[in-house]
Asker: 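Pasting a structure below so you can have a look.
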Amino acid sequence: MLTYFGIPRSTFYERLKASQRIDKYRQVKQEIAKQFIRSKETYGYRRIWYCLMKQGFTYCQETVRRLMTSMGIFIPLLKVAYSILTPPLFASLLVG
């Protein structure tokens, strides 16, 4: 079977062992999902990190951000349209 897929035996066993490994972030991932749903999907990683800190989890912000990214949790950013003021209009705003 290994020759059919063209992967070395060591790679096969390494991937097998990795797939059987227990996720050490299982509890914090569940709590991140719960806080995200509770916030009506508006909290970013900083607010969720703060909620986790209040509950006793001691993970850094980067870990929470990385876990949220791996879980597919993100906040869509709203693009703001800016208008460019022309010099005559800007001058009238200063005078008036």
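The analysis underlying the following values was restricted to heavy atoms, covering all of them including side chains, and did not include hydrogens, waters or symmetry mates. We count residues from 1, following the sequence as given.
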Asker: Using the rule that Ile, Leu, Val, Met, Phe, Trp and Tyr join whenever any side-chain heavy atoms are under 4.5 Å apart, tell me whether V64 and M53 fall into a single cluster.
Answerer: yes

Asker: Out of curiosity, Y43 OH to R38 CZ, how far, rounded to the nearest 0.5 Å?
Answerer: 9.5 Å

Asker: For K29 and D23, work out which heavy atoms get closest and say how close.
Answerer: NZ-OD2, 3.2 Å

Asker: Hey, what do you get for CZ (F5) to OG1 (T3), rounding to the nearest 0.5 Å?
Answerer: 10.0 Å

Asker: For side chain to side chain contact (heavy atoms under 4.5 Å, CB included), just list the numbers for I75 and F36, CA-CA rounded to whole Å, side-chain angles, deciding distance to a tenth of an Å, and then say yes or no.
Answerer: CA-CA 10 Å; I75 307 299; F36 189 69; 3.4 Å; yes

Asker: Take atom CD in Q55; do more than 12 heavy atoms of anything else shown fall under 6.0 Å from it?
Answerer: yes

Asker: Run the salt-bridge test on R65 and E62 with the 4.0 Å N-O cut-off and return the result as yes or no.
Answerer: yes

Asker: Checking side-chain polar atoms at under 3.5 Å, does E31 have a donor or acceptor matched by the opposite partner on Q35?
Answerer: yes

Asker: Run the ring-centre check on Y59 versus Y25 and record whether the distance is less than 6.0 Å.
Answerer: yes

Asker: Please determine whether residues M71 and I22 belong to a single hydrophobic cluster, defined as Ile, Leu, Val, Met, Phe, Trp and Tyr linked transitively by side-chain heavy-atom distances below 4.5 Å.
Answerer: no

Asker: Is M68 reachable from I37 through a run of hydrophobic residues whose side-chain heavy atoms are each under 4.5 Å from the next?
Answerer: no

Asker: Around R66, counting heavy atoms of other residues, nucleotides and ligands shown, do more than 12 lie under 6.0 Å from its CZ?
Answerer: yes

Asker: Using 0.5 Å steps for rounding, measure from the CD1 atom of I73 to the CD1 atom of I32.
Answerer: 6.5 Å

Asker: So if you build clusters from Ile, Leu, Val, Met, Phe, Trp, Tyr with side-chain heavy-atom gaps below 4.5 Å, do M1 and L16 land together?
Answerer: yes

